[in-house]
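Hydrogens, waters and symmetry mates are skipped; everything else that's a heavy atom, side chains included, is used.
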Amino acid sequence: MNAIEFIDFSCYYKNKKEYITALDHLNFSVEQGELFVILGASGSGKTTMLKSVLGLCSYLSGALYIDGVSIDDFKLQNSNIGFIRQEPDLYPHLTVYENIAFPLRTIHTPQSEVDKRVEEVAALMDISWLLTRKPKQLSGGQQQRVAIARALVKNPVMILFDEPFSNIDPALHTQLRLLVKKIHDLYRCTMLFVTHDKTDAFSLADRVLILEQGRMLALGTPQTLMEKGFLE
């Protein structure tokens with residue numbers, strides 16, 4: 001079974017009094033455990049695609065299935081999907097520990113298990129020494145590591161990344177890119193990674209979907225797309 005399947009899927013958004021098509025007749029699937037990169041310029045529909053997977057966009061036609069379930073019936077609140085935004089979006093009044101633990105608190109996880117899971121993901125993200133700090137005491141790169149740890153703490157079956165490194169300096173960008181690859185190798189969960197950076201696409205992806213104005217321009221492995229001149 002595919003983790004995600006778009007079938008002739010078109011999505012729109014409302015701009016004043018008119019409707020604008022954001023995604024136009026998409027047909028592709030994402031395999032279970034795949035690290036799938038969505039590459040495109042600003043306005044190409046990348047974020048809209050992630051929002052569609054989360055059930056947050058109206059659609060005009062076609063179908064979208066998550067783990068074989070229609071998006072019309074899929075209940076995000078009962079799912080185990082991690083979502084990492086461009087901005088870390090941490091709770092400013094909570095410590096790093098409590099930010100990471102928050103998803104486990106919402107499902108009434110025993111304290112001993114909370115401690116264990118927070119310690120594990122904090123160690124993986126190299127932020128164990130920051131657990132007592134508040135977000136305002138962290139750098140941008142540290143905040144993004146906390147956001148990733150929060151997404152990982154429930155052992156998600158799927159993680160969506162919405163240009164998570166676009167506001168981080170190049171050196172940290174490279175470090176975090178390697179970290180995402182490491183996380184995928186360890187967890188083997190399905191990942192959708194949105195980016196405008198061709199290096200991200202080539203370095204991370206099992207396959208890359210290139211979007212242009214809401215339409216599929218190309219789909220394939222990084223090597224295949226590079227040979228065809230799309231990732232030069």
Side-chain angles (χ1 to χ4, degrees), residues 1-11 23 25-40 45-57 59 62-85 103-104 107 109 117 120-121 124-125 147-165 176-195 197 200-211 216-226 230-231:
M1 182 187 299
N2 292 314
I4 303 169
E5 187 172 11
F6 286 84
I7 302 175
D8 203 29
F9 184 87
S10 295
C11 180
L23 299 174
H25 297 285
L26 301 182
N27 284 283
F28 72 95
S29 59
V30 178
E31 298 174 5
Q32 296 280 358
E34 188 173 19
L35 205 172
F36 192 92
V37 170
I38 304 162
L39 177 67
K46 305 186 303 297
T47 297
T48 301
M49 187 179 292
L50 291 189
K51 289 182 177 179
S52 296
V53 172
L54 293 170
L56 300 178
C57 286
Y59 66 96
L64 170 58
Y65 294 92
I66 309 297
D67 288 335
V69 179
S70 169
I71 195 64
D72 295 327
D73 302 319
F74 187 76
K75 304 298 183 184
L76 178 63
Q77 63 268 29
N78 297 324
S79 68
N80 193 3
I81 296 178
F83 184 32
I84 299 164
R85 299 172 175 83
L104 298 177
I107 56 173
T109 305
R117 289 296 301 141
E120 287 175 354
V121 297
L124 175 63
M125 301 304 297
I148 296 172
R150 183 174 60 187
L152 288 174
V153 77
K154 286 177 62 179
N155 286 317
V157 296
M158 187 185 302
I159 305 178
L160 312 181
F161 295 85
D162 190 5
E163 301 220 48
F165 311 146
L176 290 173
R177 183 193 299 131
L178 293 172
L179 189 54
V180 168
K181 190 69 173 175
K182 179 181 178 181
I183 290 167
H184 184 254
D185 291 342
L186 286 172
Y187 284 77
R188 303 311 302 179
C189 60
T190 306
M191 290 184 174
L192 263 68
F193 191 99
V194 157
T195 184
D197 189 314
D200 283 342
F202 190 80
S203 302
L204 289 172
D206 293 320
R207 287 188 301 155
V208 180
L209 169 65
I210 301 178
L211 275 182
M216 292 175 58
L217 181 63
L219 172 62
T221 66
Q223 188 62 40
T224 298
L225 295 180
M226 189 172 184
F230 287 107
L231 295 181

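Considering only residues two or more places apart in sequence or on other chains, N27 meets the side-chain hydrogen bond (donor to acceptor under 3.5 Å, both in side chains) condition with none of them.
Taking the six-membered ring where tryptophan is involved, the planes of F6 and F28 are essentially parallel, since the angle between them stays under 30° and well short of 60°.
K46 and T195 make their closest contact through CD-O, 3.4 Å (heavy atoms, listed as atom of the first residue, atom of the second, distance). Nearest heavy-atom pair across S203 and R177 is CB-CD, 3.5 Å. Nearest heavy atom pair, residue C189 against residue H184, reads O-CD2, 3.2 Å. The heavy-atom pair separating G82 from P156 by the smallest distance is N-CB, 4.0 Å. The heavy-atom pair separating I71 from V53 by the smallest distance is CD1-O, 3.5 Å. The two residues I84 and P164 come nearest to each other via the heavy atoms CG2-CB, 4.0 Å.
In this structure, E31 and N2 have side chains that are in contact, with non-hydrogen atoms separated by less than 4.5 Å. Proximity of M158 to I66: side-chain heavy atoms (C-beta onward) are separated by under 4.5 Å at one or more points.
Atom CG of L64 and atom CG of D72 lie 9.0 Å apart (nearest 0.5 Å). In this structure, CG on L179 lies 4.0 Å from CE on M125, to the nearest 0.5 angstrom. Considering CG of L176 and NZ of K182, their distance stands at 12.5 Å, rounded to 0.5 Å. Note that the CZ atom of F161 and the CE atom of M191 stand 4.5 Å from one another [nearest 0.5 Å]. Separation of atoms CG (L54) and CZ (F83) is listed at 5.5 Å; rounding is to 0.5 Å. Distance check: D200 CG to F165 CZ gives 7.0 Å after rounding to the nearest 0.5 Å.
The number of heavy-atom neighbours closer than 6.0 Å to CZ of F9, taken from other residues, nucleotides and ligands shown, is above 12.
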Let me see the working for F230 and L217 under side-chain contact (heavy atoms from CB on, under 4.5 Å), right down to the final yes or no. CA-CA 9 Å; F230 287 107; L217 181 63; 4.1 Å; yes

Apply side-chain contact (heavy atoms from CB on, under 4.5 Å) to the pair L56 and L50, showing each step before the final yes or no. CA-CA 9 Å; L56 300 178; L50 291 189; over 6 Å; no

Evaluation steps, side-chain contact (heavy atoms from CB on, under 4.5 Å), between L209 and L26: CA-CA 11 Å; L209 169 65; L26 301 182; 5.6 Å; no

With side-chain contact (heavy atoms from CB on, under 4.5 Å) as the criterion, how do V194 and M49 come out once you've worked through the C-alpha distance, each side chain's angles and the decisive distance to 0.1 Å? CA-CA 9 Å; V194 157; M49 187 179 292; over 6 Å; no

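Not one N or O on the side chain of K51 forms a donor-acceptor pair closer than 3.5 Å with the backbone of C57. In this structure a side-chain-to-backbone donor-acceptor pair under 3.5 Å is missing from T190 to Q32. Distance alone, capped at 3.5 Å, is enough to place a donor-acceptor pair between the D206 side chain and the L35 backbone.
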